[in-house]
Amino acid sequence: MTKMINQNYIRIWETVKAIPKGKVASYGQIADLAGLPGRSRFAGTALANTPSDIKIPWYRVLRSSGQIAFPKGSEKALEQKTLLMDEGVEVNNLRVNLKHFGWQPTVDELLFKLKY
DNA sequence: TAAGTGACGATCG
DNA sequence: TCGATCGCCACTT
């Protein structure tokens, strides 16, 4: 084998899957929980390279500011906004209030995630 | 090996 | 709040 870096992608994906419905998390937070602190950019790269055969709630991941990572007007941005609002998340001008909808993992949530 | 790139984050004005 | 800038790290060329 030449590279094993795929393990890191998988950790990102597994963490994203742990985000509860109706909640959102930031890229940095995901990277942190996945055991890759400071790799926020890598979290984005991992989502961008998500294979089409695995399903993850990628739309629950936002910037640390609560803003959607795509440019306003882009199809991806609109799609993400729609999916979030379907789950009851308030989205104002591509922005989410992290105070209300930000995911704050509890100990048991993390334990559940880590026992796969 | 070096330079370019990116679904980011923190800071500054 | 917004945009520009810099720091960041792994992948690609």
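Computed over heavy atoms, backbone and side chain alike; hydrogens, waters and symmetry mates excluded. Sequence lines set the chain letters: A, B, ... in the order given, protein chains first and strands last, and positions in each chain run from 1.
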*Of A/P37 and A/N93, the one whose closest DNA chain C nucleotide lies more 5'*: A/N93
*Taking the six-membered ring for Trp and the full ring for Phe, Tyr or His, determine whether the centres of A/Y9 and A/F42 are under 6.0 Å apart.*
yes
_A/E87/A/R60 under salt bridge (Lys or Arg N to Asp or Glu O under 4.0 Å): CA gap, chis, key distance, verdict_ = CA-CA 10 Å; A/E87 294 190 346; A/R60 291 178 191 151; 2.6 Å; yes
*What does nucleotides 6-12 of chain B look like as a protein-contact string, B for base, S for sugar-phosphate only, - for none, at under 4.0 angstrom between heavy atoms?*
BBBSS--
*Output yes when a side-chain donor or acceptor of A/Q80 lies under 3.5 Å from a complementary backbone atom of A/A77, and no otherwise.*
no
*Does OP1 or OP2 of C/dC11 have a side-chain N or O of A/R39 closer than 4.0 Å?*
no
*In whole angstrom, what separates A/N97's CG from C/dT1's C1'?*
14 Å
*Might you point out which heavy atoms bring A/V96 and A/E90 nearest each other, and give the distance in Å?*
CG2-O, 3.6 Å
_Can you measure A/R95 atom CZ to C/dG3 atom C1' for me and round it to whole angstrom units?_
12 Å
*Rounded distance (Å) that lies between atom P of C/dC11 and atom CD1 of A/I12*: 12 Å
*asked:* Test your reading of the model: is there a side-chain donor-acceptor pair from A/W103 to the backbone of A/S26, 3.5 Å cut-off?
replied: no
*A/W58 ring centre to A/K76 NZ or CZ under 6.0 Å, with the angle to the axis within 45°?*
yes
